[in-house]
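One structure is given below, encoded as structure tokens.
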Amino acid sequence: MKELFKGAIKFQEEDFVAHQELYESLKKAQNPHTLFISCADSRVVPNLITNSDPGDLFVVRNIGNIIPPYTESNGMRQGYLATTSAIEYAITILDVQNIIICGHSNCGACTAIYEPPQKLEKAPYVQKWIELLEPVKQKVLTLKPSSKSKRMWLTEQINVEQQLENLMTYPFVEERFDRGELNIYGWYYIIETGEILNYNMIKREFKPIIQKEKEK
């Protein structure tokens, strides 16, 4: 904890002072342009990997970057309201123009769905949450990957695809997307290389984000 306290002091004395005008402009309201949905993994830092400033991103983080699918009963799936309410707020109140769903390499949630149930017997809430990844698991098993590493690679990327599908089940998301008022992206972040792959929803494939794409 000493390092965190030191970091807080450094922020106040150096980083805040260097960007004081920006922080003062944010004191009354936020106007983020992007909803960034990512895993709670400590190695994934949204503002760092997007090189964005405070106020740019409305960030939703949970284990496995999961988006519970929309259901008609009570509007949403009961018991999973934290993520769904944040998405609703970002779209209907903050009026964000972009949504990014960002998965990553070496994802613990994607590993856990293949483990025996007793592995998570001390974490029943986690076990319940990752049940939402069952469709991902079934899609991967259908492909019959030849190795454990290939299975994980497929699981982590198919998870991003699945969450994109889940996101599009929300009527207020689909309506804005169809009207051209909302851009939706799926990213896959490779921790050890810093590489970020972007998912092409038409071609259904991931391609590295390169300088040419950044300039578009």
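Not measured: the values here are computed from a predicted model.
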[X] to [Y] - nearest heavy-atom pair and separation:
X    : Y    : result
N98  : L182 : N-CD1, 4.0 Å
C39  : V44  : O-CB, 4.4 Å
I130 : A112 : CD1-CB, 3.7 Å
I63  : W129 : O-NE1, 2.7 Å
P68  : L132 : CG-CD1, 4.1 Å
I191 : S105 : N-OG, 3.0 Å

Between N62 and T83, a side-chain donor and acceptor under 3.5 Å: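 Yes, side-chain donor-acceptor contact under 3.5 Å.
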
Exercise: do Q138 and E134 side chains pair donor with acceptor under 3.5 Å: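 Indeed, the side chains of Q138 and E134 share at least one donor-acceptor pair under 3.5 Å.
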
Validation row: [X], [Y] side chains within 4.5 angstrom (heavy atoms):
X    : Y    : answer
V173 : M168 : yes
C102 : I37  : no
L154 : K150 : yes
F58  : N31  : no
F36  : T50  : yes
K207 : E205 : yes
W187 : V160 : no
I184 : M201 : yes

What's the spacing between [X] [atom1] and [Y] [atom2] if we round to 0.5 Å?
X    : Y    : atom1 : atom2 : value
L120 : E115 : CG    : CD    : 8.0 Å
N159 : M152 : CG    : CE    : 9.5 Å
R61  : S38  : CZ    : OG    : 4.5 Å
L35  : I91  : CG    : CD1   : 6.0 Å
L167 : Y170 : CG    : OH    : 7.5 Å
Y188 : C107 : OH    : SG    : 8.5 Å

Can any side-chain N or O of [X] pair as donor or acceptor with the backbone N or O of [Y] at less than 3.5 Å?
X    : Y    : result
Q97  : N183 : no
D56  : D53  : yes
R43  : E192 : no
R151 : P145 : no
E156 : N106 : yes
T169 : Y70  : yes

Show me the donor-acceptor pairs, under 3.5 Å and distance only, between side chains in residues 20-28 and residues at least two apart or in other chains.
unit_1, atom_1, unit_2, atom_2, d
Q20, NE2, E24, OE2, 3.3
S25, OG, L22, O, 2.5

H33/V96 under side-chain contact (heavy atoms from CB on, under 4.5 Å): CA gap, chis, key distance, verdict: CA-CA 5 Å; H33 51 68; V96 297; over 6 Å; no

Chi angles and distances behind the side-chain contact (heavy atoms from CB on, under 4.5 Å) call for I196, I190: CA-CA 6 Å; I196 300 172; I190 305 175; over 6 Å; no

Heavy-atom neighbours of N51 CG exceed 12 at 6.0 Å: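 12 or below, so no.
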
Other residues, nucleotides, ligands: >12 heavy atoms within 6.0 Å of R179 CZ: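 It does: R179 CZ has more than 12 such atoms within range.
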
Cluster check [X], [Y]: I/L/V/M/F/W/Y, side chain < 4.5 angstrom:
X    : Y    : value
I100 : L48  : no
V45  : L197 : no
I93  : I99  : yes

side-chain contact (heavy atoms from CB on, under 4.5 Å) between K137 and T155, intermediate numbers included: CA-CA 7 Å; K137 179 180 177 180; T155 303; over 6 Å; no

Presence of salt bridge, E165 and K139, under 4.0 angstrom: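 Yes, charged N to carboxylate O under 4.0 Å.
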
Hydrophobic cluster of L4, others only, ordered by chain and residue number, side-chain cut-off 4.5 Å: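 M1, F5, listed by chain and number.
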
Stepwise side-chain contact (heavy atoms from CB on, under 4.5 Å) check, I67 with I87: CA-CA 9 Å; I67 298 175; I87 294 171; 3.8 Å; yes

Mutual orientation of the aromatic rings belonging to Y199 and F206 [parallel < 30°, tilted 30-60°, perpendicular > 60°]: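 Judged by the thresholds at 30° and 60°, the geometry between Y199 and F206 is tilted.
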
